[in-house]
Amino acid sequence: MALRVYNTLTRQKEAFQPIESGKIGIYACGITVYDLCHIGHARSAIAFDVINKYLQYLGFDVTFIKNFTDVDDKIIERAHAEGCDIKGITEKYIEAHNRDMDALGVARPTIAPRATENIEGMIRLITTLFEKGLAYDAGGDVYYAVEKFKGYGKLSGRNLEDMLAGARVDINEKKRNPMDFALWKASKEGEPWWDSPWGKGRPGWHIECSVMSQRYLGETFDIHGGGEDLIFPHHENEIAQSEGATGKPLARYWLHNGFVRVNSEKMSKSLGNFSTIQDMLMDYHPEVLRLFVLQSHYRSPVDFSEESLRDARMGMGRFYATLKSLKDSLARHEGTIDEWKGLLTEEHRQVFEKIMTLPERFTEAMDDDFNTARAIGHLYDAVRILNSYMAEGQNEPAPETVYVLVRSRETLLRIGAVLGLFLDDPDHYFDTDRNREVRKRGLNIEEIEGFIEARRLARAQKDWKKADEIRQALVEKKVSLKDISDRTVWKIE
RNA sequence: GGCGGCAUAGCCAAGUGGCUAAGGCAACGGUCUGCAAAACCGUUAUUCACCGGUUCGAAUCCGGUUGCCGCCUCCA
C-alpha cells in the first residue's frame, strides 16, 4: 500500500505523489512569537514532526520549512507593555520556542525563516499583485481585492456571499469589500516600519507565508500544513496571494491538525485555559506528551486532562519496562550473534518473525494518513510478545534468544524513532520519571528509602506483619515496591 | 445565519461494506510471590447516539433526529 493523505482542499484521502520523485517540500505555519508555547502548539509541532520523520523514514529527501512571525500587532503590543522594541520580544520567545521544541524531541526545520528577513520579497509580491489588479492602495494601507480572485474560498469551502452573510465581518471604510484583507499596513506612531512604494509600513499577516514558501520551496510545493484554525482566513489568503500572482497551485496537499481541548473546549490564549510546554515538561517526560498526542489521529481533537496524561504516562511506562527488560537481558551480550539467523528453532522463529513484521504493519498504518494511533497499537502488540518471550527464558538467555532480542530491540527502536519515542535510556527514563513524581507529590526519597530499609530488616527476620505495614504506608503515598531476589525497587504509581 | 467536523466498553481510542469490533488505562480471576508488585494468561461492547432506508450483508453508504465541538475575529 502506498501513502495516502487527507487533503483539506479536496476533503478526501488521496494517493500521495511528490512533484519531484524522491523529494518533498513541506511548509508548516509557525507561531507568532509574543508568548510561551502551550500544549496546542506542541500538538501541531509533534504532528508535523512525525509526518516529517515518517517521510524521511520512507526515504524521501524532505525540505521542511517552518516560519516565525516576528512582526505583528500582538508583538508590538507586548513590546509597548514591556517597554522594549519588538526584537526584545521576538528574540526571547524564539529562543523559548526552540528550547521547548528541542525538549519535545521535535526536529528543527531545514530552515526557520523570519518574516522580518523577507520584507523585500513581500514588497515584490505585493507589487506583482498590483500589476495583476488584485491589490489596491487605500491611503498607505494595501488590501487584496478578494472579488478579483476566482476561487476565493476553495480551501475553506465558503463563498463570498456566505461569508458576507456572517455577522462578524468588521466594518472598514477603506475596504472595497468587507472580506478584503491587508497586504500592507501603514505604520502608526511608535510602530516598526519599512519603506515601501506605498509609504512607511509593515506587512499584513498572510503575505509572509506566500513569500517564504515560494522562496524556499518554489511556486508549487508538496505539502502545506498547520492547525485547523488556519484554514480560514490564513491559508485561504495565502492561496489568493500566491496563486493570484503565479497562476499556479500553491501546494498539492493541505494538511491540518485538530485541536487540543480542555473540557471539550479549544485550548487557547483567549480562553486562558492553556498549559505551557515548559510547565508540562516539569511534570511529565517529553515522550509521555508525545504519546498522549500520538495516541489519537492528528486530525481528531484530543482532550487534555490530568487523567489523560496519567494514562499516557502509564502506557509509556509499559514500553520502557520492556525496553529495560531488553536492556538487562542483553547487558552481558554485546553485539549480534548473526550465525543464529536461519538456525532458530520453531519457538524462537515464531517470535522473531512476529517482531520482524512490525515495520510492515507500522508502514501500513502510517501510510493511511499517518495513523499513529494504529501504529502505536502494533507497538504494544510487539511489547506483549516480547514480554511473554522474555518471561520464559529469564536468567541466562540462550544465544539464539540473544539474537532474537537484539534484532527485536533494533526494530522497536527504529520504529520508535520515527514517532520520537524510546529515545531515552530505560534506566534514565525511570529515574527521571520517579524524581518528577516524587517532586509533584511532595515526597522525600531518603524517607522512602529509609522505610524500605526498615522493611528489609523486618523481612529478614520474617516479621511479615511489620513488613506489610511499612509497605502499606508506602502504598498510601502511591509508592509501589517490587521485591527482586536480593533487593527491592520502587516506583511511583 | 453560513461552512465543516464528531458521537464506538467505566475512561481514552483504532476501525469507513463481509474473517472473532485493534490497542492503552482502569477493574476482576489465575500463574508467580511469605504476602504483594511487575510480567504473563484469562474475563470485561451480540454491539458501534437515536429513527428509518439501501444491500445477501453496515459501526462503516443514504435520509432524518438529538447532542457536542470548530471556523466565519488574533489563534497550532
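For the numbers below, each heavy atom of this structure counts, side chains included, while hydrogens, waters and symmetry mates do not.
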Starting the side chain at C-beta, find the nucleotide from [options] nearest to [X].
X        : options                : answer
A:Asp381 : B:rG2, B:rC74, B:rA22  : B:rA22
A:Asp229 : B:rC25, B:rA76, B:rC74 : B:rA76
A:Glu228 : B:rG24, B:rG2, B:rG70  : B:rG70
A:His41  : B:rC25, B:rA76, B:rG34 : B:rA76
A:His38  : B:rC74, B:rA76, B:rG24 : B:rA76
A:Tyr380 : B:rG23, B:rG34, B:rA76 : B:rG23
A:Arg384 : B:rG24, B:rA14, B:rG15 : B:rG24
A:Trp464 : B:rC74, B:rG34, B:rG70 : B:rG34
A:Lys482 : B:rC40, B:rG70, B:rA38 : B:rA38
A:Asn371 : B:rC71, B:rG15, B:rC35 : B:rG15

Answer with base, sugar-phosphate or nothing: what part of the nucleic acid does [X] contact at a heavy-atom distance below 4.0 Å?
X        : value
A:Lys74  : base
A:Arg361 : nothing
A:Gly40  : base
A:His297 : sugar-phosphate
A:Ser156 : sugar-phosphate
A:Ile231 : nothing

Separation between the [atom1] atoms of [N] and [M], rounded to whole Å:
N      : M      : atom1 : result
B:rC74 : B:rG15 : C1'   : 37 Å
B:rA59 : B:rA9  : C1'   : 14 Å
B:rU55 : B:rA13 : P     : 35 Å
B:rG10 : B:rA27 : P     : 16 Å
B:rU66 : B:rG23 : C1'   : 31 Å
B:rU31 : B:rC25 : P     : 22 Å
B:rC6  : B:rG63 : P     : 14 Å
B:rG18 : B:rU60 : P     : 11 Å

With a cut-off of less than 4.0 Å, is there a side-chain N or O of [X] near OP1 or OP2 of [N]?
X        : N      : result
A:Lys13  : B:rU16 : no
A:Arg318 : B:rC40 : yes
A:Ser264 : B:rG70 : no
A:Asn257 : B:rA76 : no
A:Arg374 : B:rG15 : yes
A:Asn159 : B:rC3  : no

Between the side chain of [X] and the main-chain N/O of [Y], is any donor-acceptor distance below 3.5 Å?
X        : Y        : result
A:Lys13  : A:Arg4   : no
A:Asp180 : A:Asn177 : yes
A:Arg43  : A:Val293 : no

Give a yes or no on whether the ring-centroid distance for A:Tyr389 and A:His348 is below 6.0 angstrom. yes

Strictly by modelled atom types, are A:Tyr93 and A:Asp70 linked by a side-chain donor-acceptor pair under 3.5 Å?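 Their side chains do not contain a donor-acceptor pair, so the 3.5 Å distance test is not met.
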
Under a 3.5 Å cutoff, is there a donor and acceptor pairing between the side chains of A:Arg114 and A:Thr116? no

5' precedence on RNA chain B between A:Ser296 and A:Gly258 (nearest-nucleotide basis):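 It is A:Ser296 whose nearest nucleotide is closer to the 5' end.
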
Return whichever of A:Ile376 or A:Arg43 has its heavy-atom-nearest nucleotide of RNA chain B closer to the 5' end.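 Result of the comparison: A:Ile376.
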
Given atom [atom1] of [X] and atom [atom2] of [N], what is their separation to the nearest angstrom?
X        : N      : atom1 : atom2 : answer
A:Arg313 : B:rG24 : CZ    : P     : 18 Å
A:Glu364 : B:rA22 : CD    : C1'   : 11 Å
A:Gln12  : B:rU16 : CD    : C1'   : 14 Å
A:Phe232 : B:rC71 : CZ    : C1'   : 9 Å
A:Arg299 : B:rA76 : CZ    : C1'   : 16 Å
A:Tyr320 : B:rG24 : OH    : P     : 18 Å
A:Arg310 : B:rG10 : CZ    : C1'   : 13 Å
A:Leu291 : B:rC25 : CG    : P     : 10 Å

Taking donor-acceptor contacts at under 3.5 Å, does the side chain of [X] reach the base of [N]?
X        : N      : value
A:Arg261 : B:rC69 : no
A:Arg459 : B:rG34 : yes
A:Asn263 : B:rC68 : no
A:Arg471 : B:rA36 : yes

The residue among A:Lys491, A:Lys477, A:Arg313 that forms salt bridge (charged side-chain N to carboxylate O under 4.0 Å, His left out) with A:Glu437 is A:Arg313

Which base sits across from [N] as a Watson-Crick or G-U pair, both distances under 3.5 Å?
N      : value
B:rG42 : B:rC28
B:rG52 : B:rC62
B:rG67 : B:rC6
B:rG1  : B:rC72
B:rU16 : none

One pair to check against side chain to side chain contact (heavy atoms under 4.5 Å, CB included): A:Leu291 and A:Phe319. What are the steps and the verdict? CA-CA 11 Å; A:Leu291 184 66; A:Phe319 280 127; 4.3 Å; yes

Go through it in stages, so that I can follow the logic: the residues are A:His256 and A:His235, the test is ring-ring contact (aromatic ring centres under 6.0 Å, His included), and I'd like the CA-CA distance, side-chain angles, deciding distance and then a yes or no. CA-CA 10 Å; A:His256 293 96; A:His235 290 165; 5.0 Å; yes

Does the Lys NZ or Arg CZ of A:Lys53 fall within the cation-pi geometry relative to A:Phe64 - under 6.0 Å from the ring centre and within 45° of the axis?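 Geometry flag: not set, cation outside 6.0 Å or 45°.
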
